[in-house]
Amino acid sequence: MSKFYITTPIYYTNGDPHIGSAYPTIACDVLARYHRLKGDDVWFLTGADEHGAKMAETAEKAGKSPQEFCDETAAKYMECWDELNISNNDFIRTTSQRHKVAVRKLLQQLKDAGAIYEGQYEGFYCQGCESFVTEKDLVDGKCPDHGVEPKLISEKNYFFNLKKYLPEVKKMIDADEIKILPINKKKEVLGLFKQEINDFSVSRQNLKWGIPLPWDESQVTYVWVEALMNYVTALGYGTDDEKKLEQFWPADVHVVGKEIIKFHCIFWPAMLLAAGLPMPKAIYAHGLFTIDGVKMGKSRGNVIDPFNLIKEFGTDATRYILLSQFPFGQDGDIKASQFVIQYNSDLANGVGNFSSRVTAMAEKYFTGVVPARDTELKNEVEAIWVEYEKALEGFQVDGAIEAIKKLQSLGDGYVEKNKPWELAKTDEARLKEVIYNLLELLRHLGVALWPVMPETAEKILAALGQNNFTSQNFSLLKVWGLLEPESKVSKNEALFPRIQ
RNA sequence: CGCGGGGUAGAGCAGUCUGGCAGCUCGCCUGGCUCAUAACCAGGAGGUCAUUGGUUCGAAUCCAAUCCCCGCAACCA
């Protein structure tokens, strides 16, 4: 049995959960469930990144203490994942005691290894914001929020000696010791090495909302530095019990958005290298949404709330709709107006209707008793399984959805070709074979569906009398002919009622 | 000349590496069917493949230039 450790990005929770975070979380859930089905020992981590100036500022605007605010948003995230039926094994919060303790251990480790040195950070500081601002944020050289010119100031900071580790990191990426996927993202990362990459600061002086450095309590750890560390702190790094760390680290895949690949593909490996920890095996960068052609953002008022989607379509359909908009590794544009159309065509008319028609025929013609075995569709179904597995092994969640669609349309085509309603009048023996093939195909569809739409899969399989299927191994489940003749099946209720 | 990705039917995408009838899904139109959730199946209409120039018997694909969109570009994560 092999292990599979998968992580979502750790979300910066200074606002409510939105589909930008729901999307990769669902994708990771599909991969986690697939590996569990295969019998792998899976650890699936997600979490909340809760420190930093921006968080403190957002909390203040909301009239709350940072901790209070974080507690509330983290709860919303957890609720959202719960409603989306996300099967994460852990949810790490960077304000949790376990994270803070482990971060300080890891930072000390980096310091002891000589990877951290003291230096001066120079930047534009806005009095109004009480934080550094970037030049690109300035309008006419002034802070857009406060209308004042920020002062160039300098403060003591600790820096990570990134340059020392860059050649080794590059080598590992080149050699696919850290696989960067999809393949074009590897090119992009290697391209970054051609530009000058400077050491980065790991601390902040005038900020309270963060984790104090172990060797200098006047400085707070720079937020994304400790955020990246969540992938090991959640496994118990630096505690008395590092069993999980030994069992699951290195990660099999960090799934990240393409906007943060530099942090994950360069900075994080460098830190791991300095700390003497093994490298993640793969980093998969997924694409970003635009909505009706424009970037999603609160100020644009086009943010799609996952809770609303769940309310409108249900958990499984929301999972499906988000994943099926565009290929996982690419950017894509989505339109909320397409969601209903897609729900109706793929789910109501597709999977749902197919399940109804097949189980209804079994009831009508054979009073719900599975007729004699047949193997007419065996080869075609096996070929689709090969495609399905190949896609998921390569983290191509959308490929699995394609395979599911193929199974279903193979079924609908088979019904049309064989016209069971005519066979019922003319050829009982042939009818038995046809219905068996359809029921068995539906069983395969149910299994294939499980990682993507677990509740639906369970309903389909329960109607076929397959109740404890998740306890069985996938290698067995995908074999043709598991459905026993003489066993009892029942008609499925409408899995996805049509939306008008 | 900062780095990288992208621009293909009304919509969302594949095809570009390795040049050879421009494909998929949805939507639309027509026909068929009645087991099923007004579902299903078959057929059809719809594209100067961002623009311009070049290479070639032949270019969405290769080369050059231009325009537009997205991510990164030392501290927003």
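- With a cut-off of 3.5 Å on both pairing distances, the Watson-Crick or G-U wobble partner of B:G2 is B:C72.
- The distance between atom CD1 of A:Ile10 and atom P of B:C76, rounded to the nearest whole Å, is 19 Å.
- The CD-C1' distance, from A:Glu188 to B:G2, rounds to 13 Å in whole Å.
- Per the geometry, CG belonging to A:Leu423 stands 13 Å off P belonging to B:U34, to the nearest Å.
- The nearest whole Å value for the distance from the CG atom in A:Leu347 to the P atom in B:U25 is 17 Å.
- At whole-Å resolution of the value, OH in A:Tyr284 and C1' in B:G5 are 14 Å apart.
- Across the protein-nucleic acid pair, A:Trp224 atom CH2 and B:C72 atom P stand 14 Å apart, rounded to whole Å.
- Taking the side chain of A:Glu416 as heavy atoms from C-beta on, and the options B:U37, B:A36, B:G32, the nearest nucleotide is B:G32.
- Between A:Ile401 atom CD1 and B:C13 atom C1' there is a gap of 14 Å when expressed in whole angstrom units.
- A:Ile260 is listed as a side-chain neighbour of A:Pro9, based on a closest heavy-atom distance under 4.5 Å.
- Closest to the side chain of A:Asn353, from the set B:C40, B:C26, B:G71, is B:C40.
- Pair assignment for B:G46: none, as no Watson-Crick or G-U wobble contacts are both less than 3.5 Å.
- For A:Trp209 and A:Phe69, the ring centers are positioned 6.0 Å apart or more.
- One can place NZ of A:Lys258 at 14 Å from P of B:C69, the figure rounded to the nearest angstrom.
- Between A:Trp224 and A:Phe267, the two ring planes are parallel [angle under 30°; tilted spans 30° to 60°].
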